[in-house]
Amino acid sequence: MNFSEISNLVIHFFFSGFQISRLLDLYLEFEQDPNVKLIVMKGTGRAFCAGGDVATVVRDISQGNWRLGAHFFRKEFTLNFLIATYSKPQVSTLNGIVMGGGAGVSVHGRFRVATENTVFAMPETALGLFPDIGASYFLSKLPGFFGEYVGLTGYRLDGAEMLVCGLATHYVPAERLSSLEDALYGANSSDLATISSIIDKFSQVPILKGTSAYHRLKIINKCFARRTVEEILSALEGEAASNKDDWILSAIDSLKKASPTSLKISLRSIREGRLQGIGKCLAREYRMVCHVMRGEMSKDFFEGCRAILIDKDKNPKWQPSKLELVDEAMVDKYFSRVQDEDWEELEFPPRSNLPAHAIAKL
(Lines give C-alpha, C1' and ligand atoms only; values in the text may rest on other atoms or scores of the structure.)
Protein backbone atom coordinates (compact mmCIF):
# COMPACT_ATOMS: atom_id res chain seq x y z
CA MET A 1 0.00 0.00 0.00
CA ASN A 2 1.34 3.44 -0.94
CA PHE A 3 0.60 5.58 2.11
CA SER A 4 1.64 8.75 0.30
CA GLU A 5 -1.48 8.36 -1.83
CA ILE A 6 -3.76 8.28 1.23
CA SER A 7 -4.99 11.46 2.87
CA ASN A 8 -2.69 12.56 5.66
CA LEU A 9 -5.64 13.24 7.94
CA VAL A 10 -6.93 9.74 8.51
CA ILE A 11 -4.83 6.61 8.06
CA HIS A 12 -6.54 3.30 7.32
CA PHE A 13 -4.70 0.06 8.11
CA PHE A 14 -6.12 -2.92 6.26
CA PHE A 15 -4.95 -5.74 8.49
CA SER A 16 -4.54 -8.93 6.51
CA GLY A 17 -2.36 -11.60 8.11
CA PHE A 18 0.57 -10.41 10.18
CA GLN A 19 2.76 -7.53 9.18
CA ILE A 20 3.81 -6.75 12.73
CA SER A 21 7.16 -5.14 11.98
CA ARG A 22 5.67 -2.91 9.29
CA LEU A 23 2.80 -1.84 11.55
CA LEU A 24 5.20 -1.11 14.38
CA ASP A 25 7.33 1.10 12.15
CA LEU A 26 4.27 2.93 10.85
CA TYR A 27 2.86 3.61 14.31
CA LEU A 28 6.19 5.05 15.45
CA GLU A 29 6.42 7.15 12.30
CA PHE A 30 2.86 8.47 12.42
CA GLU A 31 3.07 9.42 16.08
CA GLN A 32 5.73 11.98 15.12
CA ASP A 33 3.90 13.19 12.00
CA PRO A 34 1.79 16.30 12.74
CA ASN A 35 -0.29 15.65 9.64
CA VAL A 36 -1.61 12.37 11.06
CA LYS A 37 -4.60 13.19 13.22
CA LEU A 38 -6.27 9.83 13.64
CA ILE A 39 -5.80 6.14 12.92
CA VAL A 40 -8.65 3.94 11.76
CA MET A 41 -7.88 0.24 12.21
CA LYS A 42 -9.95 -2.37 10.43
CA GLY A 43 -9.55 -5.79 8.91
CA THR A 44 -10.03 -6.93 5.37
CA GLY A 45 -12.72 -9.52 4.72
CA ARG A 46 -14.43 -11.28 7.61
CA ALA A 47 -11.67 -11.32 10.21
CA PHE A 48 -8.74 -9.57 11.81
CA CYS A 49 -7.13 -12.86 12.72
CA ALA A 50 -8.15 -16.51 13.07
CA GLY A 51 -5.10 -18.50 14.10
CA GLY A 52 -2.67 -18.07 11.24
CA ASP A 53 -0.09 -16.43 13.50
CA VAL A 54 -0.20 -19.35 15.93
CA ALA A 55 0.24 -21.93 13.18
CA THR A 56 3.32 -20.10 11.89
CA VAL A 57 4.91 -20.04 15.34
CA VAL A 58 4.28 -23.77 15.82
CA ARG A 59 5.92 -24.51 12.47
CA ASP A 60 9.00 -22.53 13.44
CA ILE A 61 9.26 -24.32 16.80
CA SER A 62 8.84 -27.73 15.17
CA GLN A 63 11.85 -26.91 13.02
CA GLY A 64 13.92 -26.41 16.15
CA ASN A 65 13.88 -22.66 16.70
CA TRP A 66 11.59 -21.38 19.45
CA ARG A 67 13.50 -18.09 19.39
CA LEU A 68 11.85 -17.17 16.09
CA GLY A 69 8.54 -17.41 17.89
CA ALA A 70 9.95 -15.36 20.76
CA HIS A 71 11.04 -12.67 18.31
CA PHE A 72 7.57 -12.62 16.78
CA PHE A 73 5.85 -12.22 20.16
CA ARG A 74 8.36 -9.56 21.25
CA LYS A 75 7.43 -7.47 18.22
CA GLU A 76 3.71 -8.15 18.61
CA PHE A 77 3.57 -7.29 22.31
CA THR A 78 5.60 -4.12 21.70
CA LEU A 79 3.03 -3.11 19.09
CA ASN A 80 0.22 -3.86 21.56
CA PHE A 81 1.90 -1.63 24.15
CA LEU A 82 2.37 1.18 21.63
CA ILE A 83 -1.29 1.08 20.58
CA ALA A 84 -2.48 0.98 24.21
CA THR A 85 -0.43 4.07 25.05
CA TYR A 86 -0.70 5.90 21.73
CA SER A 87 -0.75 9.68 21.86
CA LYS A 88 -3.17 9.94 18.95
CA PRO A 89 -6.68 8.48 18.89
CA GLN A 90 -7.36 5.17 17.20
CA VAL A 91 -10.80 4.07 16.04
CA SER A 92 -10.99 0.29 15.66
CA THR A 93 -13.93 -1.02 13.64
CA LEU A 94 -14.62 -4.60 14.73
CA ASN A 95 -16.78 -5.73 11.84
CA GLY A 96 -16.12 -9.48 11.86
CA ILE A 97 -14.10 -12.07 13.77
CA VAL A 98 -11.80 -10.48 16.37
CA MET A 99 -9.44 -13.04 17.89
CA GLY A 100 -5.73 -13.48 18.55
CA GLY A 101 -3.49 -10.83 17.07
CA GLY A 102 -6.50 -9.06 15.60
CA ALA A 103 -7.74 -8.38 19.11
CA GLY A 104 -4.31 -7.04 20.05
CA VAL A 105 -4.23 -4.36 17.35
CA SER A 106 -7.84 -3.29 17.87
CA VAL A 107 -9.04 -3.70 21.46
CA HIS A 108 -6.19 -1.55 22.82
CA GLY A 109 -7.39 1.39 20.70
CA ARG A 110 -9.15 4.35 22.35
CA PHE A 111 -12.41 3.85 20.40
CA ARG A 112 -13.70 0.37 19.60
CA VAL A 113 -16.71 0.12 17.32
CA ALA A 114 -18.62 -3.16 17.26
CA THR A 115 -21.30 -4.15 14.74
CA GLU A 116 -23.89 -6.88 14.24
CA ASN A 117 -21.14 -8.93 12.54
CA THR A 118 -18.67 -8.82 15.45
CA VAL A 119 -17.48 -12.08 17.03
CA PHE A 120 -14.87 -11.65 19.75
CA ALA A 121 -13.20 -14.46 21.68
CA MET A 122 -10.00 -15.44 23.44
CA PRO A 123 -9.99 -19.20 22.70
CA GLU A 124 -6.39 -19.84 23.76
CA THR A 125 -7.05 -22.33 26.58
CA ALA A 126 -8.45 -24.73 23.97
CA LEU A 127 -5.13 -24.43 22.11
CA GLY A 128 -2.89 -25.08 25.10
CA LEU A 129 -1.97 -21.41 25.28
CA PHE A 130 -3.39 -18.55 27.40
CA PRO A 131 -5.05 -15.19 26.63
CA ASP A 132 -2.11 -13.03 25.59
CA ILE A 133 -1.67 -9.76 23.60
CA GLY A 134 -2.33 -7.88 26.86
CA ALA A 135 -5.56 -9.75 27.55
CA SER A 136 -4.65 -10.18 31.21
CA TYR A 137 -4.94 -6.38 31.39
CA PHE A 138 -8.22 -5.75 29.58
CA LEU A 139 -10.03 -8.94 30.67
CA SER A 140 -9.24 -8.21 34.30
CA LYS A 141 -10.91 -4.79 33.95
CA LEU A 142 -14.29 -6.18 32.85
CA PRO A 143 -17.25 -6.04 35.25
CA GLY A 144 -17.08 -8.50 38.15
CA PHE A 145 -15.40 -11.74 37.11
CA PHE A 146 -16.66 -11.68 33.53
CA GLY A 147 -13.05 -11.47 32.31
CA GLU A 148 -12.13 -14.72 34.04
CA TYR A 149 -15.17 -16.34 32.45
CA VAL A 150 -14.33 -15.12 28.94
CA GLY A 151 -10.62 -15.95 29.27
CA LEU A 152 -11.03 -19.46 30.68
CA THR A 153 -13.97 -20.71 28.60
CA GLY A 154 -13.24 -18.99 25.28
CA TYR A 155 -16.84 -17.71 25.21
CA ARG A 156 -17.72 -15.86 21.99
CA LEU A 157 -19.13 -12.38 22.42
CA ASP A 158 -21.21 -10.60 19.82
CA GLY A 159 -21.19 -6.85 19.28
CA ALA A 160 -23.91 -6.11 21.83
CA GLU A 161 -22.05 -8.10 24.49
CA MET A 162 -18.79 -6.32 23.71
CA LEU A 163 -20.52 -2.99 24.21
CA VAL A 164 -22.28 -3.84 27.47
CA CYS A 165 -19.16 -5.31 29.11
CA GLY A 166 -16.91 -2.46 27.95
CA LEU A 167 -14.73 -4.20 25.39
CA ALA A 168 -16.36 -1.95 22.77
CA THR A 169 -17.05 1.75 23.25
CA HIS A 170 -19.70 2.05 20.51
CA TYR A 171 -22.04 -0.05 18.39
CA VAL A 172 -22.62 1.00 14.78
CA PRO A 173 -24.54 -1.01 12.15
CA ALA A 174 -22.16 -2.30 9.48
CA GLU A 175 -23.98 -0.46 6.73
CA ARG A 176 -23.10 2.86 8.40
CA LEU A 177 -19.36 2.24 8.80
CA SER A 178 -18.44 3.80 5.47
CA SER A 179 -20.35 6.98 6.32
CA LEU A 180 -18.72 7.03 9.75
CA GLU A 181 -15.26 6.86 8.20
CA ASP A 182 -16.12 9.71 5.85
CA ALA A 183 -17.28 11.81 8.80
CA LEU A 184 -14.10 11.10 10.74
CA TYR A 185 -12.04 11.98 7.68
CA GLY A 186 -13.90 15.25 7.21
CA ALA A 187 -13.52 16.30 10.83
CA ASN A 188 -9.74 16.67 10.54
CA SER A 189 -9.41 16.38 14.32
CA SER A 190 -7.53 14.54 17.05
CA ASP A 191 -9.84 15.85 19.76
CA LEU A 192 -11.32 12.93 21.69
CA ALA A 193 -14.61 14.67 22.42
CA THR A 194 -15.07 15.56 18.76
CA ILE A 195 -14.32 12.02 17.60
CA SER A 196 -16.62 10.51 20.23
CA SER A 197 -19.49 12.81 19.25
CA ILE A 198 -19.07 11.85 15.59
CA ILE A 199 -19.22 8.15 16.39
CA ASP A 200 -22.22 8.77 18.65
CA LYS A 201 -24.17 10.13 15.68
CA PHE A 202 -23.88 6.79 13.90
CA SER A 203 -24.29 4.61 16.98
CA GLN A 204 -27.23 2.56 18.19
CA VAL A 205 -28.06 0.79 21.43
CA PRO A 206 -28.24 -2.91 20.49
CA ILE A 207 -30.52 -5.46 22.09
CA LEU A 208 -28.72 -7.98 24.26
CA LYS A 209 -29.90 -11.48 23.37
CA GLY A 210 -31.75 -13.40 26.05
CA THR A 211 -29.21 -16.20 25.72
CA SER A 212 -26.27 -13.90 26.45
CA ALA A 213 -23.94 -15.00 29.22
CA TYR A 214 -23.90 -11.40 30.41
CA HIS A 215 -27.41 -11.92 31.77
CA ARG A 216 -25.79 -14.57 34.00
CA LEU A 217 -23.25 -12.17 35.52
CA LYS A 218 -24.52 -12.88 39.04
CA ILE A 219 -23.78 -16.61 38.66
CA ILE A 220 -20.51 -15.86 36.84
CA ASN A 221 -19.37 -13.67 39.73
CA LYS A 222 -20.37 -16.32 42.24
CA CYS A 223 -18.47 -19.11 40.47
CA PHE A 224 -15.51 -17.41 38.79
CA ALA A 225 -14.53 -15.46 41.88
CA ARG A 226 -13.26 -18.72 43.40
CA ARG A 227 -9.56 -19.02 44.10
CA THR A 228 -8.72 -22.02 41.89
CA VAL A 229 -9.92 -23.53 38.63
CA GLU A 230 -10.99 -26.65 40.53
CA GLU A 231 -13.18 -24.52 42.80
CA ILE A 232 -14.64 -22.64 39.82
CA LEU A 233 -15.55 -25.91 38.12
CA SER A 234 -17.04 -27.34 41.32
CA ALA A 235 -19.13 -24.20 41.82
CA LEU A 236 -20.47 -24.41 38.27
CA GLU A 237 -21.34 -28.06 38.71
CA GLY A 238 -23.15 -27.15 41.93
CA GLU A 239 -25.18 -24.54 40.03
CA ALA A 240 -25.95 -27.05 37.27
CA ALA A 241 -27.47 -29.45 39.81
CA SER A 242 -30.24 -26.97 40.58
CA ASN A 243 -30.29 -24.87 37.42
CA LYS A 244 -30.76 -26.51 34.01
CA ASP A 245 -29.58 -23.44 32.10
CA ASP A 246 -27.68 -24.60 28.99
CA TRP A 247 -25.21 -21.77 29.56
CA ILE A 248 -23.86 -23.45 32.70
CA LEU A 249 -23.46 -26.80 30.96
CA SER A 250 -21.62 -25.11 28.09
CA ALA A 251 -19.22 -23.38 30.49
CA ILE A 252 -18.51 -26.67 32.28
CA ASP A 253 -17.93 -28.45 28.97
CA SER A 254 -15.51 -25.75 27.79
CA LEU A 255 -13.47 -25.96 30.97
CA LYS A 256 -13.29 -29.75 30.84
CA LYS A 257 -12.11 -29.72 27.22
CA ALA A 258 -9.42 -27.06 27.73
CA SER A 259 -5.80 -27.69 28.66
CA PRO A 260 -5.56 -28.02 32.47
CA THR A 261 -2.19 -26.27 32.44
CA SER A 262 -3.54 -23.43 30.29
CA LEU A 263 -6.51 -22.94 32.58
CA LYS A 264 -4.33 -22.60 35.65
CA ILE A 265 -1.78 -20.20 34.18
CA SER A 266 -4.58 -18.18 32.54
CA LEU A 267 -6.45 -17.73 35.79
CA ARG A 268 -3.35 -16.53 37.61
CA SER A 269 -2.42 -14.24 34.73
CA ILE A 270 -5.81 -12.51 34.74
CA ARG A 271 -5.78 -12.23 38.53
CA GLU A 272 -2.34 -10.59 38.45
CA GLY A 273 -3.57 -8.29 35.69
CA ARG A 274 -6.10 -6.78 38.08
CA LEU A 275 -3.22 -5.10 39.93
CA GLN A 276 -0.90 -4.29 37.02
CA GLY A 277 -0.61 -1.77 34.21
CA ILE A 278 -0.48 -2.73 30.55
CA GLY A 279 3.33 -2.78 30.42
CA LYS A 280 3.74 -5.20 33.32
CA CYS A 281 0.96 -7.40 31.93
CA LEU A 282 2.62 -7.68 28.53
CA ALA A 283 6.08 -8.24 30.02
CA ARG A 284 4.69 -11.05 32.18
CA GLU A 285 2.81 -12.55 29.24
CA TYR A 286 6.05 -12.51 27.26
CA ARG A 287 7.72 -14.61 29.95
CA MET A 288 4.76 -16.97 29.90
CA VAL A 289 4.63 -17.39 26.13
CA CYS A 290 8.37 -18.09 25.96
CA HIS A 291 7.96 -20.85 28.55
CA VAL A 292 5.05 -22.26 26.55
CA MET A 293 7.11 -22.32 23.35
CA ARG A 294 10.05 -24.00 25.07
CA GLY A 295 7.71 -26.80 26.15
CA GLU A 296 9.71 -27.76 29.24
CA MET A 297 6.72 -28.02 31.61
CA SER A 298 4.08 -29.01 29.09
CA LYS A 299 3.77 -29.45 25.34
CA ASP A 300 0.04 -28.72 25.32
CA PHE A 301 0.51 -25.76 22.96
CA PHE A 302 1.80 -28.02 20.21
CA GLU A 303 -0.85 -30.67 20.89
CA GLY A 304 -3.63 -28.10 20.89
CA CYS A 305 -2.50 -26.59 17.61
CA ARG A 306 -2.24 -30.08 16.12
CA ALA A 307 -5.75 -31.03 17.19
CA ILE A 308 -7.49 -27.73 16.41
CA LEU A 309 -5.53 -26.07 13.59
CA ILE A 310 -3.55 -28.77 11.77
CA ASP A 311 -5.14 -32.24 11.93
CA LYS A 312 -8.44 -30.70 13.09
CA ASP A 313 -9.55 -33.86 14.90
CA LYS A 314 -10.53 -31.66 17.88
CA ASN A 315 -9.31 -34.34 20.26
CA PRO A 316 -6.19 -33.02 22.02
CA LYS A 317 -4.39 -35.26 24.50
CA TRP A 318 -3.33 -32.92 27.26
CA GLN A 319 -0.35 -33.64 29.51
CA PRO A 320 -0.89 -33.30 32.42
CA SER A 321 -4.40 -34.53 31.70
CA LYS A 322 -6.16 -33.39 34.88
CA LEU A 323 -6.32 -30.19 36.87
CA GLU A 324 -5.14 -31.85 40.07
CA LEU A 325 -1.94 -32.94 38.32
CA VAL A 326 -0.94 -29.31 37.67
CA ASP A 327 0.50 -28.10 40.98
CA GLU A 328 1.41 -24.58 42.08
CA ALA A 329 5.13 -25.16 41.53
CA MET A 330 4.47 -25.94 37.86
CA VAL A 331 2.36 -22.80 37.49
CA ASP A 332 5.03 -20.70 39.21
CA LYS A 333 7.59 -21.64 36.56
CA TYR A 334 5.53 -19.98 33.80
CA PHE A 335 5.85 -16.67 35.64
CA SER A 336 9.58 -16.92 36.27
CA ARG A 337 12.46 -15.59 34.20
CA VAL A 338 13.42 -17.84 31.29
CA GLN A 339 16.72 -19.56 31.97
CA ASP A 340 18.41 -19.11 28.62
CA GLU A 341 21.61 -17.12 28.09
CA ASP A 342 20.25 -15.42 24.97
CA TRP A 343 16.86 -14.55 26.44
CA GLU A 344 15.99 -11.02 27.52
CA GLU A 345 13.04 -9.53 29.35
CA LEU A 346 10.56 -7.59 27.23
CA GLU A 347 11.20 -3.84 27.40
CA PHE A 348 9.23 -1.10 25.71
CA PRO A 349 10.15 2.12 23.89
CA PRO A 350 9.99 5.24 26.10
CA ARG A 351 6.66 7.06 26.09
CA SER A 352 6.16 10.78 26.66
CA ASN A 353 3.47 13.47 26.33
CA LEU A 354 0.73 10.89 26.66
CA PRO A 355 -2.99 11.70 27.05
CA ALA A 356 -4.63 10.98 30.39
CA HIS A 357 -6.37 7.80 29.18
CA ALA A 358 -3.02 6.34 28.11
CA ILE A 359 -1.25 7.31 31.32
CA ALA A 360 -4.00 5.54 33.26
CA LYS A 361 -2.97 2.24 31.65
CA LEU A 362 0.64 2.39 32.78
Side-chain angles (χ1 to χ4, degrees), residues 1-49 79-80 82-98 101-120 159-160 162-163 166-206 353-358 361:
M1 179 181 296
N2 185 349
F3 281 86
S4 66
E5 296 175 358
I6 301 177
S7 168
N8 58 14
L9 301 179
V10 182
I11 303 298
H12 293 234
F13 287 143
F14 296 88
F15 190 77
S16 178
F18 262 84
Q19 300 171 334
I20 297 297
S21 293
R22 179 60 175 149
L23 280 175
L24 186 56
D25 290 342
L26 288 172
Y27 267 92
L28 291 170
E29 175 187 339
F30 294 153
E31 193 164 39
Q32 303 304 317
D33 188 341
N35 292 316
V36 176
K37 308 290 185 174
L38 167 72
I39 290 177
V40 172
M41 172 67 77
K42 64 182 181 180
T44 55
R46 59 188 290 269
F48 271 104
C49 177
L79 176 62
N80 298 152
L82 186 60
I83 293 173
T85 60
Y86 211 57
S87 63
K88 297 181 180 182
Q90 172 173 315
V91 178
S92 305
T93 54
L94 313 173
N95 187 35
I97 298 171
V98 185
V105 297
S106 58
V107 175
H108 290 298
R110 179 64 181 85
F111 300 99
R112 301 159 320 264
V113 180
T115 76
E116 70 275 15
N117 299 322
T118 303
V119 179
F120 170 90
M162 286 196 75
L163 181 67
L167 282 171
T169 59
H170 297 79
Y171 181 97
V172 175
E175 64 181 9
R176 307 192 73 184
L177 289 179
S178 179
S179 297
L180 169 60
E181 291 182 23
D182 289 342
L184 290 170
Y185 175 89
N188 185 22
S189 176
S190 290
D191 180 67
L192 296 179
T194 299
I195 295 168
S196 183
S197 67
I198 291 172
I199 304 175
D200 284 343
K201 293 177 182 178
F202 294 87
S203 297
Q204 293 182 359
V205 178
N353 301 319
L354 298 179
H357 71 271
K361 296 179 181 180

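- Considering only heavy atoms from C-beta on, Phe202 stays 4.5 Å or farther from Val113 through its side chain.
- No donor-acceptor pair under 3.5 Å is formed between the side chain of Ser190 and the backbone N or O of Lys88.
- Side-chain contact between Phe111 and Ile195: present, with at least one pair of heavy atoms (C-beta onward) separated by less than 4.5 Å.
- Counting only heavy atoms from C-beta outward, the side chains of Arg112 and Phe120 never approach each other to under 4.5 Å.
- With contacts defined as side-chain heavy-atom distances shorter than 4.5 Å, the pair Leu177/Lys42 does not qualify.
- Using a 4.5 Å cut-off on side-chain heavy atoms (C-beta onward), Tyr171 and Thr118 make no contact.
- Using a 4.5 Å heavy-atom cutoff, the side chains of His170 and Asp200 are in contact.
- Judged purely by atom type and a 3.5 angstrom limit, Gln204 has no side-chain atom pairing as donor or acceptor with the backbone of Pro173.
- A donor-acceptor pair under 3.5 Å is absent between the side-chain atoms of Thr85 and the main chain of Ala358, judged by distance alone.
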Please determine whether side-chain contact (heavy atoms from CB on, under 4.5 Å) holds for the pair Tyr27 and Ile39, giving the CA-CA distance in whole Å, both sets of side-chain angles, and the decisive distance to 0.1 Å. CA-CA 9 Å; Tyr27 267 92; Ile39 290 177; 3.6 Å; yes
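- Tyr86 contributes no side-chain N or O that, together with a main-chain N or O of His108, makes up a donor-acceptor pair within less than 3.5 Å.
- Within 6.0 Å of CG in Asn353 there are 12 or fewer heavy atoms belonging to other residues, nucleotides or ligands.
- Side-chain contact between Thr115 and Thr93 is absent, with no heavy atoms from C-beta onward closer than 4.5 Å.
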